[in-house]
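Okay, so here's the structure we're looking at.
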Amino acid sequence: MKTKLTFSYQNLSIVKKMAIGYIVIIFIPIISFGLFLYNQNYNSFLEEYAQGRQKIVNQVLNNINVSTVQIESAYQLFQNNSNTIAYLSGNYRTDFEQVSNFLTYIRPLFSYILSSNRMIDGMTIYMEQQNGMIFRPEMAKMDEFKLDEDIKKLPLGVGKWVTFNSGSYPDINLHYFHKIGNRNFEQDIGLLDIKVTSNLIKPLLESLNLNISSNLYVLDQDHQIISHIEEIALSKDSEKAMLADAFQANAKYAYQTVNGKKLLIESFYTESLKLQFVMIEQVDDVFIGVKKNKYVLVLIVAPLLLLLSGIYYLIASSITKRILKLSKHMRQVDENYFPLYRGEINKDEVGHLTSSYNAMIRRMDELVNTVHRSEMLRKESAYLMMQAQIKPHFLYNTLESIRMIAEANDDPEAAEMSYTLGKLFRYSLSGTKSETSLREEVENIKDYIKIQQIRLADRLQVSYDINARIDNFICPHYMLQPIIENSIVHGIANVRKQGSLSIRIWEDAAFMYIAVVDSGAGIEEERLQLIQAVLNGTMDVHHLQKSGGGLGIMNVNERVNMFFGEPSGIQLESKLNEGTTCILKLAKGATP
């Protein structure tokens, strides 16, 4: 039965396979895993929520600590001000001098501090000595101080933050007290009272994001509640237990269940103010939107996935990903380029189509190569037929008669030209053989160059550098003469200056190299790019035919490529008015 079901599935169309796979692999697992993941990670969400709150509030607490340091630094401005010390010590001989000193130096100092620090709501210095005038509101008598007597007994150099109970109102009254002393006599001369605005802790309250289901408690260092906001009804015992847990070492947040409700308890401590902020929040109210959205999400996603499955099935029935890839690949095929499709090939409809396409491409490539070889053979046959139309012996005898007449008439140049031309014809018309040794090719081009040297006289300088074993190296017949002819006729002959022609042959383990370098007219850049493109196979030879000329070197390149194999061929470089370099790369061990 299992084998039958497997076989039936394998024979289904690819569209049906994709539809079944979509439902089994995507639809059902997403719904199931989504519900499981929601239930398993609910507590993890709570942890992340609490940790995120901790990071935000701790940043606010750091800012509060910076602000308290700035407020405390106001004390140094008074303690280190000699005019303030002198005024509080009563070191004045006249009232005018006292009034002038206060108005000139002390009152501006108060104004400067109040204007530069917006967290300070007001400042008062309570004077220990009563031997001077009192300027209000900056100065007051010590006996007017109505707060705890312990604050009056603060030692010199010690400051203290004091908070006052404000009941259920979230704002907290903050004061910073610091004794001012006469350093010469180590004597208390005043008590600085800095009243801080509620803006100091307002950012903290805002960052806690209080809502209708949360409580906030502010406790001093004696664990006394100095301010609170209560929106959750708690018994005194529950409240006391939660606040006690908040003061445990390293306790940042915890969870407790009270009356069936899960509560999040968070604790934040300000080191500078010595205050503990405890927030109690109902977890269900925090994530009430998440719980509601769970069921809404299921009701929305399930029909949506079903709808998408149907749409996906309709689209997959007509277009598939692999068909699109095959179609894109087929657009690259033209009359000179037949690439095989290298993508995935399965045993379904698309795989069968792809295999048939590759078989067709292979057959087309074979046919094109056959036609190409037939065309080359046709050209070769036409060339041989042209040779056969000439009567070689008649031509040789005629040239020999011309040479003898030239010698009889004392004309050695004509005799030499006739003799060399005869050798050239004898080489080119020597039967129907299509191959020869590289040594014979070199000797043939030497004869051709001799004739050109007679014609061009001193305008043609030739050099040979042969550093290879060329006697037994077999190559196509008549391979070098068209290249030499191009260099002389189209290069050196077209310039008035003296030209040079260099023929260099060298070899390595795999290739024989022949370089023909001339200092002639060169080739224009556009024309050179066209020839190079045809030589590299990136452009069809018909473009070269339309532009006129250049077929000689292409014929040589095709013959070399067919004779020596794919790595072999011609490389051509040229600069206009400077010359041309043609390099033949011939593979060793070729089997013609």
Side-chain angles (χ1 to χ4, degrees), residues 376 379-390 392 395-396 399 416-456 460-466 468 470-471 473-494 499-505 512-518 520 523 531 535 544 549-564 568-572 574 579-586 592:
M376 291 299 298
K379 292 181 179 180
E380 188 73 18
S381 298
Y383 176 73
L384 294 175
M385 289 178 63
M386 179 187 68
Q387 289 182 332
Q389 291 175 357
I390 301 175
L395 183 60
Y396 301 155
L399 290 174
E416 180 65 21
M417 182 177 291
S418 177
Y419 175 73
T420 306
L421 183 60
K423 290 176 63 178
L424 283 175
F425 282 142
R426 192 179 300 274
Y427 178 81
S428 61
L429 302 177
S430 56
T432 59
K433 69 174 184 176
S434 59
E435 60 184 57
T436 184
S437 68
L438 184 56
R439 170 68 68 184
E440 292 179 348
E441 274 291 294
V442 172
E443 294 299 327
N444 177 63
I445 62 169
K446 285 183 178 181
D447 292 333
Y448 175 79
I449 292 173
K450 284 182 181 180
I451 295 176
Q452 293 293 347
Q453 283 180 313
I454 295 173
R455 184 173 68 89
L456 297 175
L460 177 60
Q461 298 293 325
V462 184
S463 63
Y464 299 92
D465 182 9
I466 301 175
I470 62 176
D471 291 341
F473 187 82
I474 305 302
C475 64
H477 189 263
Y478 227 59
M479 177 184 67
L480 296 181
Q481 195 273 338
I483 297 175
I484 301 298
E485 182 177 353
N486 281 344
S487 294
I488 296 176
V489 175
H490 300 293
I492 297 174
N494 289 334
S500 62
L501 177 65
S502 172
I503 300 169
R504 179 172 173 244
I505 303 176
M512 180 74 70
Y513 300 92
I514 304 173
V516 179
V517 183
D518 68 74
I523 306 173
I531 296 175
L535 288 173
L544 194 61
L551 293 178
I553 193 170
M554 284 307 305
N555 288 335
V556 173
N557 186 66
E558 290 182 1
R559 293 176 64 202
V560 165
N561 189 266
M562 292 182 63
F563 190 91
F564 293 99
S568 303
I570 296 178
Q571 299 176 4
L572 188 67
S574 180
T580 303
T581 299
C582 181
I583 299 178
L584 282 80
K585 183 180 178 182
L586 311 177

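What you see is a predicted model, and the numbers here were worked out from it, not measured in a lab.
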**Request:** Give a yes or no on whether the ring-centroid distance for F564 and F473 is below 6.0 angstrom.
**Result:** yes

**Asked** Are side-chain heavy atoms of F563 and L586 found at a separation under 4.5 Å?
**Response** no

**Item:** Least distance between heavy atoms, Q481 atom then I445 atom
**Value:** N-CG2, 3.9 Å

**Prompt:** Taking side chain as C-beta onward, heavy atoms only, is M479 less than 4.5 Å from L438?
**Reply:** yes

**Prompt:** Is any side-chain heavy atom of L480 closer than 4.5 Å to a side-chain heavy atom of L584?
**Reply:** yes

**Test ring-ring contact (aromatic ring centres under 6.0 Å, His included) applied to Y513 - qualifying residues, sequence neighbours left out** = W506

**Fill in**
In terms of heavy-atom contacts, N557 and I570 come closest through OD1-N, 2.9 Å

**Message:** Quick check: closest heavy atoms across R559 and Y478, and the distance to 0.1 Å?
**Reply:** NH1-O, 3.4 Å

**Complete:** One should read off an interatomic distance between T436 OG1 and E443 CD, to the nearest 0.5 angstrom, of 10.5 Å

**Request:** Identify the two heavy atoms, one from I553 and one from C582, that lie closest to each other, and give their separation to 0.1 Å.
**Result:** CD1-SG, 4.2 Å

**Heavy-atom closest contact (V489 atom, A493 atom, distance)** = O-CB, 3.6 Å

**Interatomic distance, I505 atom CD1 to R439 atom CZ [nearest 0.5 angstrom]** = 8.0 Å

**Asked** Are side-chain heavy atoms of T580 and N486 found at a separation under 4.5 Å?
**Response** no

**Item:** Side-chain (S574) to main-chain (I523) donor-acceptor, under 3.5 angstrom
**Value:** yes

**Message:** Donor-acceptor check, side chain of S568 to backbone of N561, threshold 3.5 angstrom: yes or no?
**Reply:** no

**Request:** Using a 4.5 Å cut-off on heavy atoms from C-beta on, say whether the side chain of L535 contacts that of M554.
**Result:** yes

**Message:** Quick check for you: to the nearest 0.5 Å, what is the distance between L460 atom CG and K450 atom NZ?
**Reply:** 13.5 Å

**Message:** Working note: V442 + I503, criterion side-chain contact (heavy atoms from CB on, under 4.5 Å); need CA distance, chi angles, decisive distance, verdict.
**Reply:** CA-CA 9 Å; V442 172; I503 300 169; over 6 Å; no

**Asked** CG of L501 to CD of Q461: how many Å apart, nearest 0.5 Å?
**Response** 10.5 Å

**Prompt:** Hey, what do you get for CD1 (I583) to CD1 (I483), rounding to the nearest 0.5 Å?
**Reply:** 11.0 Å

**Request:** With rounding to the nearest 0.5 Å, note down the distance linking CD1 in I488 to CG in N494.
**Result:** 12.0 Å

**Message:** Against D518, only a single residue in S500, S502, S487 fulfils side chain to side chain donor-acceptor pair (under 3.5 Å); can you say which?
**Reply:** S487

